[in-house]
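Below, chains carry the letters A, B, ... as their sequence lines are ordered, and counting in each starts from 1. Remember, it's a predicted structure, so these values are computed and weren't measured experimentally. Hydrogens, waters and symmetry mates are skipped; everything else that's a heavy atom, side chains included, is used.
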Amino acid sequence: MESVVFIFSLIDCCALIFLSVYFIITLSDLECDYINARSCCSKLNKWVVPEVIGHAVVTVLMLISLHWFIFLLNLPVATWNIYRYIMVPSGNMGVFDPTEIHNRGQLKSHMKEAMIKLGFHLLCFFMYLYSMILALIND
Amino acid sequence: MSAPAGLPPRPAAAAFSPVGPGGSREAAAPAGGAAHCHNGPVQSQMQFPPGYGSHPPNYSAPSGHYSQVPNKAAASHLDHQYRASYYPGYYSAPAQNVMTPSVGSNVLNAQGSQQLYNKTPPHTGGASDGPVQGAISSASYLHMSAQQSYSAFDNHYSTSVSSSVASQGFPLNSDHYAMPVVSGAMYPSVSYPPAAAGSAYGQTFTSQSLPAVGQFKETNAFSSQSTSVPHSLQQHVPAGYNTTLSTISSAQSVQDNLCRNLPGSVAKVNNQIKTGGIDSSQPVHSVSQNVAFTKPGVGTSASSAVVSSVRSPAPSLSSQPSSSPSVTQSPELALQEGMQYGGYVNNQASSAPAPLSSSSDDEEEDEEDEEAALDSSSTTSSASPVLNNYDALEGGGYPDTRSVTSSPVPAPSVPQTSKASKPFGYGYPALQPGYQNATPTTPVQPSNPGHHPGFQHYPQHYPGVNQLSSSLGSLSLQHSQQPESLRPVNLTHDRNILPVSSVPAPVPNLNSDLRKLNCSPDSFRCTLTNIPQTQALLNKAKLPLGLLLHPFRDLTQLPVITSSTIVRCRSCRTYINPFVSFIDQRRWKCNLCYRVNDVPEEFMYNPLTRSYGEPHKRPEVQNSTVEFIASSDYMLRPPQPAVYLFVLDVSHNAVEAGYLTIVCQSLLENLDKLPGDSRTRIGFITFDSTVQFYNLQEGLSQPQMLIVSDIDDIFLPTPDSLLVNLHESKELIKDLLNALPNMFTNTRETHSALGPALQAAFKLMSPTGGRISVFQTQLPSLGAGLLHSREDPNQRSSTKVVQHLGPATDFYKKLALDCSGQQTAVDLFLLSSQYSDLASLACMSKYSAGCIYYYPSFHRTHNPAQAEKLQKDLKRYLTRKIGFEAVMRIRCTKGLSIHTFHGNFFVRSTDLLSLANVNPDAGFAVQMSIEESLTDTSLVCFQTALLYTSSKGERRIRVHTLCLPVVSSLADVYAGADVQAVVCLLANMAVDRSVSSSLADARDALVNAVVDSLAAYMSTASNLQQSMLIAPNSLKLFPLYILALLKQKAFRTGTSTRLDDRVYAMCQMKSQPLVHLMKMIHPNLYRIDKLTDESTIHVNDRVVPQPPLQKLSAEKLTREGAFLMDCGSIFYIWIGKNCDNSFIKDVLGYPNYASVPQKMTQLPEVDALSSERTRSFISWLRDSRPLSPVLQVIKDENPAKTDFFQHLIEDRTEAAFSYYEFLLNIQQQVCK
């Protein structure tokens, strides 16, 4: 059972890693002026909800399977994701708003955030991998 | 004499002949002349081609000549003098343009003639008094003339008008010339162009005309001389060329010597030169000096025949001596000059020291340059001739003066020569004369030393360039007038801090040359005119760094440049500007990214002076605000036509307010004035709960209304005939406009389907782009984009939270972005009496680069002031300039970066603003940060380039460049603070803050901005008493303005403010240019009942009194007085109860105070002095802004007086501090 949980987490984590990389690539495209803000934001906004869900699922899964440490590790990031999604002003077109992304260093902070998430997911990835192997061995 | 001189060159010429007619500059000149001659007066592009091949060499010579000058000339004085001397040249330049509009190369040919001309004038000036005066006057005019001439030039250019004008100058010339052998035919072609130019410019130069005439005459004489020489000249030229090459260095050295060393003996030298010139012409090669002269001699010799008549040489000589002494002092002077000039180009500055070096050094450098030139020539055939010519030119220039004396002889020898000779003779004489003229003036002025040194320095500049920039920077600082801007002001004690008249923009602490070249503060302002070196220093200063732009401002003078290649930096794409440095003839260094770029061949030719080889004198490099006509490289699609779509609300509410009448009336009146060409299209959509379209297709007997009631899925009933050609369907349009106001009088429809109407408008516009003008009178209540009332009237005067400053839906934002993508802008006119959620509606304009107008409680009859305002705004709105499918890019020197933009637009990429439309009333602001330390540069530059399609279907680029010094000390940063710009930028930031965070945050941030910056300042000035509130003089108005901002509608709390009013004020802050914004924040108050003639100014023959600014405080209001408050968009005239009856009678036209009506919006024309003064003052204020403000007369017991008193921001109100209390509050926080 435990191995199944971690295998699922591992797959989910991989998806999140790819998502983070995609965010970074798209944002840096915008930074380099390869795409315009409008298309960049509409691309990214599509993936904000899947990201929130993907991460929330893992977090909940960890809570259910009583892996407290991993759960607590994931909780702040999951909370931040949800908070960010909820706090979007009513007039904005999503977490990434084309009219504001170039203002007040938003692009940079988005980039930084994506980087941090990438690092976090990588860390999680190896933790899940380790736990999965451990679980498989125990089985 | 001339003959001998000419002869030596000839052999050389033969050698060079392959290159083209002009090996030497002389040769070049002749060649040009020849070309002209051959071509004849007509001088068309056609003609040029043949000449063209040969021309390059010719040109090259001039370029060389020029190039030296420029480098040296870096000093402004030089330029001026030069220009002055060439001033005639300018004249001629336009002519050239006319002549050879299309081809740059062709122009080159013309150059020869031009130069000659230009130069000649100076010669003529040769007469001691005449030339000098001319030079001076011309110098003074230089700037103006140049610009004006430019514009004129442009016109000519485009129109290719021409020759008729030219003739003016000629006739005179011809008379003079009679002497010379020159054939009249010859002259016309060559010399005329300049004359024509002169005529073109005539307007500009009228004042100058006198000197010009004199010059022209002389020039003519010269030309005649030249003409005599022509053919021989060509041959000679090559010869001269060779010799010049060999002797170039020597020639230069000679020149230098003359300038510098000779000073003491100058007179003698000159004399020698004169005499020598004659003699020397033969020996040419033998002696460097002689050679140099000889060349000139040659050139001059040709002209010499004329010379005798001219006598100019003598004066010139005299002038030289005077100048030379100054030169001798050179080391110091040179340094100074270097500094001054160095400023011109950062790099060049370093070169300044070089001038000091001995003549020998100069020679060496010259040689190097020559070598370089040769090298370049090897690479490019054309290039090499240039260099040679260059040297030759310089030499020639000097020789010319001498030659003048000697000249008579040569001319006879050459007489047979025809065309070629002219240019030859002309070119040279002109150069020298210019110099000579300059010199005479110089002795008195500091500038003259610069002149010579500049000349000499030229070659030397290159090495030192980089060093110079830094040294310059520091030097300039030392010179700065810091004391005044840094003078500590005790704010709590000093109560009268307002200036007498308007607050001037601080002038960047640059040397005078750069200052003159710098962008006008009206279009481009920086919050800190001294840029801090590092972000740390900026943080310490606690002042925001940013720019305030008004890029599309209506300008009275704008150089427009038509050029097939627009010179830009290859790496950062910066447009060439006055602050780049020319490393040598062929290369320039970008002032933003420091990349070294090549100067394209075409850029070597200067259409203004019609000369070749002086890229630094191109209008692009002489003006910090220029406009280019862009080529097809700058188009993604063919330029769009002007397309206007009017979307009108016709619901019951709208009909009730009666705005339709005013709109239709204004449109009818201005239909012919709508900017556009023959392709202009126009369309109308009206909406209530349905959307109505109007088929105005040509051929219909009357407009056809098409109603679409399916507002959930809007479609266009007849896509082709809704937007129609304005000219073809004008009658139908007029019919519609006449019928519209009455069409809906009985409507009972109260709903408003704004969203669907906008979607339809977008669909209609998307194929072309253009402008959508939306008139809305209520909250949209149907279909997409419907809004709900969010305002709680009980919260209007809340001191705590103001909600709903942001949009309620992203519908309008998305729509705006869609529109922006299709090059469509949406302008919103909101005429509502109730809450209409402007915060949401404004998005449609904010992100599509539109503009927003708001008329609260609009009613045509009940609120005549608003009705009048709408009428006036519409007039301006419909007729003002407009740019379509525009983009604006803001570039700044490496190390600086832009991180936030304010204004109405969509930021498409990091530094590219997408502006579907741009209008002259739009202002922008950007915030910047310093990413890399600026320690290795002394100047930073900012450039905005606005690419747009004019209403005539032309693609144009308007470029503004601002140059500012970098400083390393905190005190300097404060000294350069531009308090108005700081306040405006803070206002923009505060708007953002109140939307993204809260109003309270924004207010705190504003107060903290004052507290922090004053605290930081006081901590730097250790000698100040901590218990007092001290501000540097540059920031003394800072607390006052911030208080005004806190009491502004946008940010005030505690006073009842309707949400829409507040949001509108915020929109204004983001999109108004600085001048208008400042009046909104801090109105100007004048006392007008005792206007006197003291300190009046004269505008257009009208005497305008200038009453002093009053504090915005009730203490200044007396019951005996009358006051005018200028709030930007509205004028209040407040009449005191005991106001002088004579004032009421004379100015207001009523017998006494009691009889003045409550609503009075106009001043009668009474034939009395006080009335005249008042009206001229008010109309003067009105003329200074695009929107004609509404006038409102307010009596003391008038209910409208609260509108007036709310602007008295220094007084205490229930909810806000008085100014003094505010200061105490700040002081408390500062001292904490």
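- Side-chain contact between A:Glu100 and B:Val907 is absent, with no heavy atoms from C-beta onward closer than 4.5 Å.
- Note on A:Leu30, A:Thr99, A:Asp97, A:Asp33: by heavy-atom pairs under 4.5 Å with chain B, the leading option is A:Thr99.
- With sequence neighbours left out, the salt bridge (charged side-chain N to carboxylate O under 4.0 Å, His left out) criterion links A:Arg84 to A:Glu51, A:Glu113.
- Between B:His899 atom NE2 and A:His102 atom NE2 the span is 14.5 Å, to the nearest 0.5 Å.
- Proximity to chain B at a heavy-atom threshold of 4.5 Å picks out nothing from residues 54-78 of chain A.
- Below 4.5 Å, heavy atoms of chain B meet heavy atoms from A:Asn36, A:Ala37, A:Arg38, all part of residues 34-49 of chain A.
- With hydrogens and angles ignored, the 3.5 Å screen pairs a side-chain donor or acceptor of A:Asn103 with a backbone N or O of B:Phe901.
- Under a 4.0 Å N-O distance rule, the pair A:Lys108/B:Glu931 qualifies as a salt bridge.
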B:Lys813 and A:Asn92: CA distance, side-chain angles, deciding distance, side-chain contact (heavy atoms from CB on, under 4.5 Å) verdict: CA-CA 8 Å; B:Lys813 189 187 255 185; A:Asn92 278 15; 3.1 Å; yes

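- By the salt bridge (charged side-chain N to carboxylate O under 4.0 Å, His left out) test, B:Arg889 is found to be paired with B:Asp911, residues two or more places apart in sequence or in another chain being considered.
- Around the NZ atom of B:Lys542, the shell of radius 6.0 Å holds no more than 12 heavy atoms that belong to other residues, nucleotides or ligands.
- More than 12 heavy atoms of other shown residues, nucleotides or ligands fall within 6.0 angstrom of atom CZ in B:Arg790.
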